[in-house]
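Structure, as structure tokens:
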Amino acid sequence: MAGIGSSPSGSARPSGGRSRVKFFMFATLAMLGIGFFVGVAATKRAVAGPPWAQRLFGIELPPPQEAVVSRPAAAPPAPVVVPPTVPPPVIPVPENHVETAPPGPISASGSQPPVVDNQGFLGHWEISDEVPIGDGTAAKITSGYVFNPDGTGEFDANGKKMYGLRWTISGDFLTVIYDNDQAPQGDSGGVRLRWSVNTEKTLLTLAPENGKDARASLYAAGPGVYHKK
């Protein structure tokens with residue numbers, strides 16, 4: 001009877017010990033998991049963070065690589081195109097053209113270089129006019145131009161020199177500059193005359209274009225035909 005109240009010797013341990021073991025294991029696993037995730041997050045932040053954080057976590061990153069910039073290849077030089085040689089145009093020479101020497105310095109007297117008289121322009125030319133003298137009668141006046149090879153000349157009236165002059169020719173135009181302040185002048189200083197010589201080189205036609213020459217100014221005469229002397 002005495003052994004009724006005592007528990008048998010092979011009875012199981014109380015369940016409270018097992019519960020504590022399970023709780024301890026669960027808490028350990030939970031702490032390990034939390035620590036793992038916290039470590040991963042800290043490592044990521046350290047990688048992207050300043051150098052001191054990387055050294056704290058023992059992270060060694062390779063040095064940054066410099067970006068390689070590729071330059072475009074230089075374009076080949078453009079081929080040199082040599083323009084074809086074009087011969088200068090041939091300008092026809094007018095019939096009344098006076099061939100002149102190449103331009104040169106003007107001398108102290110203001111004369112131009114000598115000219116080659118292919119058209120018979122140089123020399124002494126005269127024309128006679130009937131000029132009214134006011135009482136119903138007319139007087140005969142002989143006007144003359146002298147053109148020298150050096151670009152000088154003179155204008156005469158009845159054999160008397162009235163004006164000295166300088167002359168130049170450009171194409172169909174003769175420009176005369178008189179050396180007297182009282183002499184006629186064109187709108188640009190010189191009197192420009194259209195000129196021509198006949199085939200026989202015996203007649204010289206002078207027609208003022210931009211004013212009056214000496215003959216037109218003195219005797220109110222129009223364009224004249226001068227005879228070679």
Single-linkage hydrophobic cluster, 4.5 Å side-chain cutoff, [X] and [Y] together:
X: I169; Y: V146; result: no
X: L203; Y: F147; result: no
X: V225; Y: V197; result: no

Within the 4.5 Å heavy-atom criterion, are [X] and [Y] side-chain neighbours or not?
X: H124; Y: K228; result: no
X: R194; Y: F173; result: yes
X: V191; Y: N210; result: yes

Main chain of [Y], side chain of [X]: is a donor-acceptor contact present, judged purely on distance under 3.5 Å?
X: D156; Y: G159; value: no
X: R192; Y: V176; value: no
X: Y178; Y: A214; value: yes
X: N158; Y: T142; value: yes
X: D150; Y: T152; value: yes
X: D179; Y: G164; value: yes

Chi angles and distances behind the side chain to side chain contact (heavy atoms under 4.5 Å, CB included) call for D129, R215: CA-CA 10 Å; D129 297 296; R215 173 175 166 270; 2.8 Å; yes
Tell me every residue that passes side chain to side chain donor-acceptor pair (under 3.5 Å) with N198, counting only those two or more places apart in sequence or in another chain.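 N198: side chain to side chain donor-acceptor pair (under 3.5 Å) contacts with E200, T202.
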Can you tell me how far [atom2] of [Y] sits from [atom1] of [X], rounded to the nearest 0.5 angstrom?
X: Y226; Y: E126; atom1: OH; atom2: CD; value: 10.5 Å
X: L218; Y: D213; atom1: CG; atom2: CG; value: 9.0 Å
X: Q119; Y: L122; atom1: CD; atom2: CG; value: 11.0 Å

Using the ring pair (Phe, Tyr, Trp, His ring centres under 6.0 Å) rule, pick out the option among F155, W167, F121 that qualifies with Y145.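 Of F155, W167, F121, ring pair (Phe, Tyr, Trp, His ring centres under 6.0 Å) with Y145 is met by F155 alone.
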